[in-house]
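This report refers to the structure that appears directly beneath it.
Within every chain, numbering begins at 1; the chains are lettered A, B, ... in the order of the sequence lines, protein sequences first and strands thereafter. Values below: all heavy atoms of this structure, side chains included; hydrogens, waters and symmetry mates excluded. No experiment lies behind these values; they were computed from the predicted model shown.
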Protein chains: 2
Amino acid sequence: MDNDSALLALAALAHPTRLDAFRRLVQHEPEGLSTGQLVEQSGLTQSTFSTHLAVLAKAGLVQSEKRGRHFIQRADIDALRGLMLFLAKDCCQGRAELCEPLLAELACC
Amino acid sequence: MDNDSALLALAALAHPTRLDAFRRLVQHEPEGLSTGQLVEQSGLTQSTFSTHLAVLAKAGLVQSEKRGRHFIQRADIDALRGLMLFLAKDCCQGRAELCEPLLAELACC
DNA sequence: AATGTGCATCGTATAATTCCGATGCATGGA
DNA sequence: TCCATGCATCGGAATTATACGATGCACATT
């Protein structure tokens, strides 16, 4: 993941509605959720939520698959992983001692 | 790190100038960099950069320490770690299989 | 005490984001 | 074929972010 992609991903997640939707999608991997279900839970208008979804999609964090009349939205775990690796590089490059506590905490899951 | 703090941190990093400054500060841990050095490299006005720095500080990602007439800025690695753990929880909660590749890639550093 | 340096903050102009209703398009069912 | 559903997209209004110059304050030097 390059700098621009990371910026897109960070901006996409830096909004309550989008962060919430993304988390819900991750929790519903790998089945995904329909756009309607996400809209309903968000409390926003369908059109408003649709633009939020487009931001997540443009950042590569969410991918949609057409299933009949519905769209199934799915979180792209690889993209999340890419973002985390990008952030990790910031603190790990040449200085592993900064990241070891992170690895220790991650190991618990 | 709770949801609101994560949103602040994500928004703080979701800007080219701030992401760049934060990365430079991480690379200069633990000595830090003076505000002036950061301003000079950013190519922006001192006042503009100062507001960016305030955003990072409000998000807890950067802490400043007064040293004479200068301010030494330092990246808060714990805050970065907190953000990464927050993101990791999204993909690891109850589903470790999603995170194992992440751990494998992080292990290299 | 007087001056210069380093930074925060205020005021303001411009750009971007966010939100909604309205509209349009494609699909599935009557 | 005709209608209803699910979603994207357009247009516009309100809010927020971004950038700058000007100003003010604190500290160090002279």
N/O donor-acceptor pair under 3.5 Å between Ser42(A) side chain and Val39(A) backbone: yes
For atom CD of Glu65(A) and atom P of dC7(D), their distance in whole Å: 13 Å
Below 4.0 Å: OP1/OP2 of dT18(D) and any side-chain N or O of Thr51(B): no
Phosphate-side-chain proximity, Thr48(B) and dT18(D), N/O vs OP1/OP2 below 4.0 Å: no
Working for side-chain contact (heavy atoms from CB on, under 4.5 Å), residues Leu61(B) and Leu8(B): CA-CA 10 Å; Leu61(B) 290 165; Leu8(B) 274 179; over 6 Å; no
Which nucleotide in dC7(D), dT9(D), dT18(D) has an atom nearest any side-chain atom of Ser47(A): dT9(D)
Touch class at under 4.0 angstrom, heavy-atom based, for Thr35(A) against every strand present: sugar-phosphate
Under 4.0 Å protein heavy-atom contacts per nucleotide of nucleotides 25-30 of chain D, with B for base, S for backbone only and - for none: -SBS--
side-chain contact (heavy atoms from CB on, under 4.5 Å) between Leu87(B) and Leu87(A), intermediate numbers included: CA-CA 11 Å; Leu87(B) 293 175; Leu87(A) 293 176; 4.2 Å; yes
Atom-to-atom span, CG of Leu44(A) to C1' of dA14(D) - whole angstrom: 16 Å
SB check Glu29(B) Arg74(B) (cutoff 4.0 Å): yes
Candidate pair Arg18(B) and Leu13(B), rule side-chain contact (heavy atoms from CB on, under 4.5 Å), full reasoning: CA-CA 6 Å; Arg18(B) 294 193 294 260; Leu13(B) 294 179; 5.8 Å; no
Side chain to side chain donor-acceptor pair (under 3.5 Å) partner of Arg24(B), the single match among Gln73(B), Gln41(B), Gln37(B): Gln41(B)
Between dC7(D) (C1') and Phe49(A) (CZ): distance, integer Å: 12 Å
Closest-nucleotide ordering on DNA chain C, the 5'-leading residue of His15(A) and Gln46(A): His15(A)
Sugar-phosphate only, base, or nothing, as touched by Thr45(B) at under 4.0 Å among non-hydrogen atoms: sugar-phosphate
Side-chain H-bond candidate by donor/acceptor type, Thr17(A) with Asp20(A), under 3.5 Å: no
Whole-Å distance separating the CD atom of Gln37(A) from the C1' atom of dT5(D): 15 Å
4.5 Å side-chain heavy-atom contact, Phe22(A) and Asp76(A): no
Outermost nucleotides of DNA chain C that come under 4.0 Å of a non-hydrogen atom of chain A: dT18(C) to dG28(C)
Length of the NE2-C1' vector between His52(A) and dC7(D), whole Å: 16 Å
Derivation and outcome, side-chain contact (heavy atoms from CB on, under 4.5 Å), residues Leu25(B) and Val62(B): CA-CA 8 Å; Leu25(B) 287 176; Val62(B) 164; 3.6 Å; yes
